[in-house]
Number of protein chains: 2
Amino acid sequence: MPTISDVADRAGVSTATVSRALNGKSTVDPDLVARVRKAAEELGYQPNGPARNLRRQEAAVIALIISDVENPFFTAIARGVEDVAHEVGYSVVLCNSDENADKENRYIDIAIQERVAGVILSPTGTTTSVEKLTKRGTAFVAVDRPLPGQESDVVLVDTRLAARQATAHLIDQGYQRIGCITGPSGVRTADDRLAGYRDALKAARRRSTTKLVRRTEYKAAGAHRAAQDLLDQPEPPDALLVANSAMAVGVLQALQEHGIRPGKAVGLVAFDDAPWAALVDPPLTVVAQPAYEIGTVAARLLLARIADNTRPPTATTLGARLIKRGSSQR
Amino acid sequence: MPTISDVADRAGVSTATVSRALNGKSTVDPDLVARVRKAAEELGYQPNGPARNLRRQEAAVIALIISDVENPFFTAIARGVEDVAHEVGYSVVLCNSDENADKENRYIDIAIQERVAGVILSPTGTTTSVEKLTKRGTAFVAVDRPLPGQESDVVLVDTRLAARQATAHLIDQGYQRIGCITGPSGVRTADDRLAGYRDALKAARRRSTTKLVRRTEYKAAGAHRAAQDLLDQPEPPDALLVANSAMAVGVLQALQEHGIRPGKAVGLVAFDDAPWAALVDPPLTVVAQPAYEIGTVAARLLLARIADNTRPPTATTLGARLIKRGSSQR
DNA sequence: ACCTTCCGGGTAATGGATTACCCAGCTTCT
DNA sequence: AGAAGCTGGGTAATCCATTACCCGGAAGGT
């Protein structure tokens, strides 16, 4: 594996000149630049990243720690981050914390060890892990969920309001016993969606009862069990607010198994406008979150913070959009 | 940011001992290990990754370059790779090449520069980019698609056979004018699925015509246009083989817009058992590929090659499974 | 013509962890 | 008791790119 000195020898210059020529930081005679380029090319020289990062004390890399690679919401965020990062020459590495605080912690340790320029993460809940980042002065931005008690840059969706509007829509449509299947307690989006659901019931002077609420992990399997459970009750719900698209899959399955067609019998609104949402029968009413935009905004915030870590933390809240389709029409 | 010497000072030992104590490579007095651990803990010491990797000439990291983060097939592979890698203490960084040879190239350069231990990739087609890996002696494994003319470890699905079986199933069901919407020419899986489709037609002594075949990028939008186009022909197809789940979305949309319910009028089989496939109406017949397993197998192959780069290349071909549902029943 | 300034480019220090090499001290064997 | 062997741990070399510092020569000023 050729090193910078090999290039220097071949070009007949010093290593300093090679470095300067290749990085273009300082002015170097165009002839020399050409010679260096040629030598590097011929040797197939690739700079040694660790050596460079060691010296520079920072790598042009952003770590993106998301809680579920299989969730289209998070992969859309990833696209947004990537697009912005690439524009300015940063690379993005994607880490999957799997909604697991240990894994998240592990990836944060790795990010610190590798001296990445910054971290974007959807925190699993515990605030402890990011304290390390704060202590080291590593720039970071939280997405989708805030960090309890932490002053940090954060990009959120007004998910409580969105849940409220979605529930209000179900009320408008005449559904009476509206239930809610949301994520685990402690996960902020799950709590907020539940809170928004309750806000709407309260505003409509409806009693809310825990009998119609289920909490489970943000996955199809959990939601499937929860929906089964709700539907098997003596007084089953006639509508459901479902907190993400993976859960919607589980709920739709359960309805299918009960021979219930969404819409008339059981109204349905789910979070996240999955690509297939309009294809099921009837088409699924959804709360579309601006995932890609979350990614771009977060990346820009992070870059700003990398440039200046003293700037005051910014909280950006983006709106969600209710897309009314057949599954919530009586 | 504390360094190893800070830890050494605090524990009253040399840096060599700290390194040995923390990495457990050589025997160190248990008392000293405890003292070192304590000192490291108190200082919040995190080893400097670049320095370590520089010295070790390799990072315990696997780069996984996939062609589409938003495709569940690839994210499932990612899970498989991750699970195996984590067991043995490797980290996985996910890179999204977006079916774009330039991006793939760029990520390969980065992987080389960062001296990752190995690379798993779904090649976009051009063989040139991986030559660099071969030249450097960086271990790598191709997944989903082979590398033309390259002897390398590779994990594939027998997608040609699967396409043939899927098409044969459509023939069995009595469909007459079976069409095919597949990926771009040059992408091996796309070519293979088309070849399998033709194999089946030939075996059934049907004439195959290019009028019923469309090629487009592996995305919903392209497939949507392709399906529109096919359906608007004077003699439209009465069945379609669709080469992945994103494309299936586009095709289902087009059918919806034409007011055609899949199944009776137009039989449908798509590759990839997406979570929603059973939820559309009628449920979608699919070719389920063992994506997670591809990931685990690829990771194990890569680890074996990292350990011994002289071992002969292995090609693993996994089978796919046709799941018959309503969309292919007359 | 001489002095100052500027600029391109070389020399060598630097970043931090790992590890080859060496040494001190203890065990064990003759 | 002396030699040989072993073991735990310290010293310093090493990995490689970047960059502070310095120097020689050219340009410009008086």
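Below, read A as the first sequence line, B as the second, and so on, with proteins coming before strands; counting in each chain starts at 1.
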Quick one: [X] [atom1] to [N] [atom2], roughly how many Å, whole number?
X	N	atom1	atom2	answer
A/D29	D/dA26	CG	C1'	14 Å
A/I4	D/dC15	CD1	P	15 Å
A/Q46	D/dA17	CD	C1'	14 Å
B/M1	C/dT14	CE	P	20 Å
B/L22	C/dA17	CG	P	10 Å
A/R52	D/dC15	CZ	C1'	16 Å
A/R115	D/dA17	CZ	P	20 Å

Strictly below 4.0 Å: does [X] bring a side-chain N or O up to OP1 or OP2 of [N]?
X	N	value
B/S19	C/dA17	no
A/Q57	C/dG16	yes
A/N23	D/dT18	yes
A/T17	C/dG9	no
B/Y45	C/dG16	no
B/S14	D/dT11	no
A/R55	C/dT14	no

Assign B/S26 to base, sugar-phosphate, or nothing according to its heavy-atom contacts below 4.0 angstrom with the strands shown.
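Nothing: the residue B/S26, judged by heavy atoms under 4.0 Å, touches no strand.
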
So what does B/V18 touch, heavy atoms closer than 4.0 Å: a base, only the sugar-phosphate, or nothing?
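Nothing: the residue B/V18, judged by heavy atoms under 4.0 Å, touches no strand.
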
Can you work out whether B/K25 or B/P50 has the more 5'-proximal nearest nucleotide on DNA chain C?
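Between the two, 5'-proximity favours B/P50.
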
On DNA chain C, compare the nucleotides closest to B/A16 and B/N48; which residue's is nearer the 5' end?
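Result of the comparison: B/N48.
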
What nucleotide, of D/dG10, C/dG9, C/dG15, holds the atom closest to the side chain of A/L54?
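For A/L54, the side-chain atoms sit closest to C/dG15.
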
Side chain of B/R20 only, please: which of D/dG9, D/dA17, C/dG9 is the nearest?
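Out of D/dG9, D/dA17, C/dG9, the nucleotide with an atom closest to B/R20's side chain is D/dG9.
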
Can you find a donor-acceptor N/O pair under 3.5 angstrom joining the side chain of B/R56 to the base of C/dT18?
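Such a pair does not exist between side chain and base.
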
Among B/E104, B/E99, B/R145, B/K103, the one residue meeting side chain to side chain donor-acceptor pair (under 3.5 Å) with B/T124:
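Per the side chain to side chain donor-acceptor pair (under 3.5 Å) rule, the option paired with B/T124 is B/E104, out of B/E104, B/E99, B/R145, B/K103.
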
Any Lys/Arg nitrogen of [X] or [Y] sitting under 4.0 Å from an Asp/Glu carboxylate oxygen of the other?
X	Y	value
A/R79	B/D98	yes
B/D29	B/R20	no
B/K38	B/E42	yes

Counting N and O atoms only, with roles assigned by atom type, does the side chain of B/N309 sit under 3.5 Å from a partner on the main chain of B/G137, one being a donor and the other an acceptor?
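Yes, because the side chain of B/N309 sits within donor-acceptor range (under 3.5 Å) of the backbone of B/G137.
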
Can you measure from CD1 (A/I4) to CG (A/L22) and round to the nearest 0.5 angstrom?
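One gets 6.5 Å once the value is rounded to the nearest 0.5 Å.
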
